[in-house]
Amino acid sequence: MSAIQPTREEDYPEWYQQVIKSAELAENSDVRGCMVIRPWGYAIWENMQRVLDRMFKETGHENAYFPLFIPISFLQKEAEHVEGFAKECAVVTHHRLEPGPDGKLRPAGELDEPLIVRPTSETIIGATYARWVQSYRDLPILINQWANVVRWEMRTRLFLRTTEFLWQEGHTAHADEQEAREETDRMLGVYADFAENYMAMPVIPGEKTAGERFPGAVNTLSIEAMMQDRKALQAGTSHFLGQNFSRAQKIQFQDKNGQEVFAWTTSWGVSTRLVGALIMTHSDDDGLVLPPRLAPKHVVLLPIYRNDQEKSQVLEYCQSLRQELMQVSFAGDPLRVLLDDRDLRGGDKTWQHIKKGVPIRVEIGPRDIASQSVFVGRRDRGPKEKSSLPRAEFVATVAELLQSIQQNLLDQARAFRAEHTRSISDLDEFIEFFTPRNEAQPEIHGGFAYCHFQDCEEMHQVLQKLKVTPRCIPREEHPDGKCIFSGRPTSLRAMFAKAY
RNA sequence: CGGGGUGUAGCGCAGCCUGGUUAGCGCGUUUGACUGGGGGUCAAAAGGUCGCAGGUUCAAAUCCUGUCACCCCGACCA
């Protein structure tokens with residue numbers, strides 16, 4: 001019997017909800033579509049922020065903060081952008097509340113110009129940059145902002161798609177196209193690096209097809225990850241905006257030749273959706289599994305005792321072990337150690353930490369103290385697969401142990417993705433690959449398929465029926481081929497999948 | 001916004017069709033005892049304006065009308 005009911009096999013979407021609930025990551029709030037991120041979930045996000053923020057700074061970026069509200073006229077300026085975002089914005093039309101005739105509060109003080117709550121900040125940041133840029137000497141501008149944004153989505157799911165979500169958005173302006181394109185690539189590289197080396201989540205970096213582009217972008221790059229239901233999740237995006245936004249926002253300057261020209265801009269972002277990606281990449285039927293590098297706690301110490309005398313003895317041993325472990329460093333940080341001395345039954349407590357995904361559990365009782373040892377279980381192995389080892393050895397090797405868990409999770413995720421990825425050149429095989437075997441569980445289907453394609457009517461018909469989309473066009477060398485849908489020769493090759 | 005469904009204890013549900021004393025059950029919570037390295041056992045206790053408003057009736061969780069909220073399926077999406 002697994003700790004999470006139902007299992008992934010039985011009902012994947014419900015399993016996902018239960019993992020979140022059992023691990024106390026987040027819950028639905030009193031506000032439709034908005035979540036409460038609980039301390040354990042927020043700590044994961046904070047760890048993500050800390051690492052990413054360092055990476056952004058290492059690549060020359062600075063943090064700044066721009067307003068939550070955007071005048072409605074700003075959104076209007078870029079035609080495609082309007083098209084893409086206008087439908088899903090929260091709009092502020094009043095600035096006061098006053099009691100109505102029935103005693104209930106009602107909005108008052110109508111605004112001359114409605115404000116929208118930012119769904120993304122290209123327009124307001126662009127308008128600001130326009131004031132900052134007069135000369136080529138003012139460029140590049142390399143700024144990131146950590147913020148919350150609001151998109152009034154029809155259907156929400158914890159972490160994956162919520163009405164309000166937390167993210168970072170980088171916005172840069174450059175003097176020439178080449179530099180802006182390099183920036184777009186560089187930041188996608190940062191995301192891919194973060195995904196693989198911190199989240200232990202292999203990703204496919206690539207370019208979006210025209211239909212999947214960010215509204216207003218010339219080109220959108222993304223990293224795509226495979227979840228355990230074999231669907232693709234877009235885990236990060238980096239947009240080359242060309243001069244579209246600088247034209248709309250009038251970000252112009254005099255270049256070296258004294259010519260008045262428009263800047264070239266980019267934007268890139270990742271969100272709390274990454275927490276959802278983390279959950280669906282590694283977790284199992286006993287709950288959350290965390291890669292050590294992002295785990296709020298690396299090690300939990302679980303004292304075991306029967307009476308007060310044993311209790312004080314065991315707690316003392318745990319305290320000293322905790323002090324010792326905190327001197328150890330892992331991936332550049334001091335070890336994060338939790339001593340769980342809550343007055344709870346032993347098994348109960350152990351299972352809570354299993355469900356929360358703590359990488360290493362250490363059970364310590366009178367027996368271990370007598371032998372100067374510890375009883376260790378790792379989250380990437382079965383719950384009863386525990387072993388005793390000398391205390392000194394554990395302390396000396398715990399960092400290696402964490403690294404091996406980190407590596408193991410990445411290897412497992414890579415193996416899973418490889419197992420469900422195919423190169424397909426035959427349309428029947430493509431259709432078979434993406435047709436669920438069981439109508440009741442449409443999530444069980446093929447996985448990722450690499451195929452040559454050409455944006456054609458035949459393609460749209462097939463994809464719409466199967467609910468499959470081209471996720472991205474990986475930048476890799478491959479011979480030309482024939483479009484799997486139309487048979488026409490093409491040089492384009494994309495990764496196709498069902499997506500979140 | 002279209003189609004379907006659900007609102008009863010902290011959570012998950014039964015009861016409603018065929019109105020009738022103090023509205024049940026499981027989990028959880030609290031207390032006590034026995035326990036204790038796979039979430040244990042027993043006993044006791046606390047906890048509910050049956051989503052909200054109106055109507056029918058001697059009597060409404062149950063029937064009727066309205067309303068609100070949430071969930072699922074579609075169109076939209078990081």
Side-chain angles (χ1 to χ4, degrees), chain A residues 1-5 11 13-14 17-18 21-22 27-33 83-89 118-120 147-157 159-169 191 208 211-215 217 220-225 232-239 267-277 286-287 301-307 310-311 314 343-355 361-369 371 373-377 382-388 439-440 442 464 467 469 471 499-500:
Chain A
M1 169 100 163
S2 58
I4 302 296
Q5 298 289 330
D11 185 346
E14 182 58 24
Q17 306 282 354
Q18 290 305 323
K21 191 174 165 191
S22 307
E27 61 192 30
N28 282 309
S29 70
D30 296 321
V31 185
R32 181 204 136 91
E83 192 66 23
F85 283 104
K87 285 171 286 186
E88 53 182 36
C89 285
R118 64 183 163 213
T120 178
N148 57 340
V149 287
V150 167
R151 295 183 189 175
W152 215 266
E153 302 288 355
M154 287 302 155
R155 202 185 303 164
T156 59
R157 286 188 81 186
F159 290 114
L160 297 178
R161 187 173 305 108
T162 46
T163 300
E164 178 191 16
F165 57 96
L166 306 183
W167 77 346
Q168 60 69 216
E169 44 181 333
Y191 291 153
K208 284 288 186 190
E212 303 268 323
R213 254 175 227 147
F214 176 77
T220 290
L221 310 182
S222 75
I223 51 171
E224 301 283 332
L233 185 82
Q234 181 174 308
T237 49
S238 185
H239 314 290
S267 68
W268 29 272
V270 295
S271 70
T272 36
R273 175 180 252 205
L274 288 181
V275 178
D286 286 327
L301 305 180
L302 300 158
I304 288 152
Y305 47 80
R306 272 171 255 200
N307 51 47
E310 282 184 0
K311 179 175 174 178
V314 168
D343 183 21
L344 276 181
R345 291 195 198 96
D348 212 342
K349 209 190 272 187
T350 302
W351 278 100
Q352 288 185 15
H353 293 290
I354 290 173
K355 288 185 282 195
R361 299 184 309 281
V362 183
E363 297 176 7
I364 292 155
R367 270 187 252 159
D368 308 290
I369 298 178
S371 63
S373 60
V374 291
F375 205 54
V376 177
K384 63 178 169 185
E385 220 181 295
K386 294 178 281 195
S387 55
S388 183
E439 273 299 319
Q464 198 177 359
K467 292 183 189 168
T469 46
R471 298 317 306 152
Y500 273 95

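Every chain is numbered from 1 and lettered A, B, ... according to where its sequence line falls, protein lines coming before strand lines.
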Distance check, [atom1] atoms only: [N] and [M], in whole angstrom units.
| N | M | atom1 | result |
| --- | --- | --- | --- |
| B:C42 | B:A59 | C1' | 42 Å |
| B:C17 | B:G7 | P | 14 Å |
| B:U29 | B:G24 | P | 23 Å |
| B:A44 | B:U49 | P | 26 Å |
| B:U22 | B:C68 | P | 34 Å |
| B:G39 | B:G28 | C1' | 13 Å |
| B:U62 | B:U18 | P | 14 Å |
| B:G4 | B:G48 | P | 37 Å |

Distance, rounded to the nearest Å, where [X] contributes [atom1] and [N] contributes [atom2]:
| X | N | atom1 | atom2 | value |
| --- | --- | --- | --- | --- |
| A:Arg151 | B:A78 | CZ | P | 6 Å |
| A:Ile354 | B:G37 | CD1 | P | 14 Å |
| A:Glu14 | B:C11 | CD | C1' | 13 Å |
| A:Gln18 | B:G12 | CD | P | 10 Å |
| A:Lys208 | B:A78 | NZ | C1' | 10 Å |
| A:Leu301 | B:G37 | CG | C1' | 15 Å |
| A:Gln234 | B:C76 | CD | P | 15 Å |
| A:Lys355 | B:G28 | NZ | P | 10 Å |

In the strands shown, is [N] matched to any nucleotide by a Watson-Crick or G-U wobble pair with both distances under 3.5 Å, and which?
| N | value |
| --- | --- |
| B:U67 | B:G51 |
| B:G36 | none |
| B:U22 | none |
| B:A9 | none |
| B:A78 | none |
| B:A44 | B:U30 |

Minimum-distance nucleotide to [X] side chain [options: [options]]:
| X | options | value |
| --- | --- | --- |
| A:Phe165 | B:C76, B:G37, B:A78 | B:A78 |
| A:Arg367 | B:A78, B:C76, B:G37 | B:G37 |
| A:Lys386 | B:A78, B:G39, B:G37 | B:G37 |
| A:Ser271 | B:G37, B:A78, B:C11 | B:A78 |
| A:Trp351 | B:G39, B:A78, B:C11 | B:G39 |

First of A:Glu164 and A:Asp368 reached from the 5' end of RNA chain B, by closest nucleotide: A:Asp368
Nearest-nucleotide 5' precedence on RNA chain B, A:Lys21 against A:Glu88: A:Lys21
Is there a side-chain contact between [X] and [Y] (heavy atoms, below 4.5 Å)?
| X | Y | value |
| --- | --- | --- |
| A:Glu212 | A:Thr220 | no |
| A:Val149 | A:Pro119 | no |
| A:Asp368 | A:Val374 | no |
| A:Asn148 | A:Arg118 | yes |
| A:Phe375 | A:Arg367 | no |
| A:Leu233 | A:Leu160 | yes |

Below 3.5 Å is the cut-off: list the nitrogen or oxygen pairs between protein and nucleotides 69-73 of chain B, distance only.
unit_1: B:C73; atom_1: OP2; unit_2: A:Arg155; atom_2: NH1; d: 2.9

Separation between NZ of A:Lys349 and CD1 of A:Ile354, rounded to the nearest 0.5 Å: 13.5 Å
Heavy atoms under 4.0 Å, any strand shown: does [X] hit a base, just sugar-phosphate, or nothing?
| X | answer |
| --- | --- |
| A:Leu233 | nothing |
| A:Thr162 | base |
| A:Glu363 | base |

All side chain to side chain contact (heavy atoms under 4.5 Å, CB included) counterparts of A:Gln234, not counting sequence neighbours: A:Lys208, A:Ser222, A:Glu224, A:Thr237, A:Arg273, A:Arg471
All side chain to side chain contact (heavy atoms under 4.5 Å, CB included) counterparts of A:Ile304, not counting sequence neighbours: A:Glu363
More than 12 heavy atoms of other groups within 6.0 Å of A:Trp167 CH2: yes
Review item, nucleotides 32-36 of chain B N/O atoms under 3.5 Å of protein N/O:
unit_1: B:G36; atom_1: O6; unit_2: A:Arg306; atom_2: O; d: 2.8

By side-chain hydrogen bond (donor to acceptor under 3.5 Å, both in side chains) - contacts of A:Thr120 (at least two apart): A:Glu122
Non-neighbouring partners of A:Glu27 that pass salt bridge (charged side-chain N to carboxylate O under 4.0 Å, His left out), sequence neighbours left out: A:Arg38
